[in-house]
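Just below is one structure, and these are the notes that go with it.
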Amino acid sequence: MEFLIATAIGALTWAGIYLSLRGRTFPVVLGVTMLSYAINLFLFAIGRLKVGAPPIFSEDAATYTDPLPQALVLTAIVISFGMSALVVVLSLRTFLETGTDQVDGEPDPAIDPLDGDREEWIARRNAHRIDMLGETRP
């Protein structure tokens, strides 16, 4: 069972690092999420959870489970959810501002239909832009 958990942690870590090094924002978000899953599994694994044991030491309990790893994983889940939401909002905002989902913000000439003509692309984007109130901006 330890080999299976270690393999799962290694696979999630590998996939997270691989996706985090991609050039687009969506794979980077997925990579960071997979890295947080790997860290949560690692914290559970080092906690040596025991089935049927109480989480707090008492006088009549023969064994007990350390509650610290469980608290760390619960905190990590909340923090990773908030971080993922922030990164998704930032990447969406970057896409709407720059028109590309490349991490560096420059359009990809292989995908961009205007072959890297950034000024023309910005002019086309701004021609159809609508502000928060639903009014068209010049």
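The basis for the numbers below is simple: all heavy atoms, side chains too, and nothing from hydrogens, waters or symmetry mates.
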**OP:** Consider only side-chain heavy atoms of I, L, V, M, F, W and Y, link residues closer than 4.5 Å, and tell whether Ile39 and Trp14 are in one cluster.
**Re:** no
Subject >> Euclidean distance, Tyr37 OH relative to Leu30 CG, rounded to 0.5 Å >> reply: 9.0 Å
**OP:** Nearest 0.5 Å please: distance from the OG1 atom of Thr13 over to the CE atom of Met34.
**Re:** 11.0 Å
Could you tabulate the donor-acceptor pairs under 3.5 Å formed by side-chain atoms of residues 72-85, not counting sequence neighbours?
unit_1, atom_1, unit_2, atom_2, d
Thr75, OG1, Ala71, O, 2.8
Ser80, OG, Ala76, O, 3.0
Ser80, OG, Ile77, O, 3.0
Ser84, OG, Ser80, O, 2.8

Original post:
Linking Ile, Leu, Val, Met, Phe, Trp and Tyr through side-chain heavy atoms less than 4.5 Å apart, which residues share a cluster with Leu35?
Top reply: Ile17, Leu21
Original post:
What pairs with Leu92 under side chain to side chain contact (heavy atoms under 4.5 Å, CB included), at least two apart in sequence or on another chain?
Top reply: Leu96
Original post:
Closest heavy-atom contact between Ser91 and Val29?
Top reply: OG-CG2, 4.4 Å
Original post:
Looking only at heavy atoms, which two atoms of Ser20 and Val28 are closest? And how far apart?
Top reply: O-CG2, 3.6 Å
Subject >> With Ile9, the side chain to side chain contact (heavy atoms under 4.5 Å, CB included) member among Asn40, Leu4, Leu41 >> reply: Leu41
Original post:
Can you find a heavy atom in the side chain of Thr94 that is under 4.5 Å from one in the side chain of Thr25?
Top reply: no
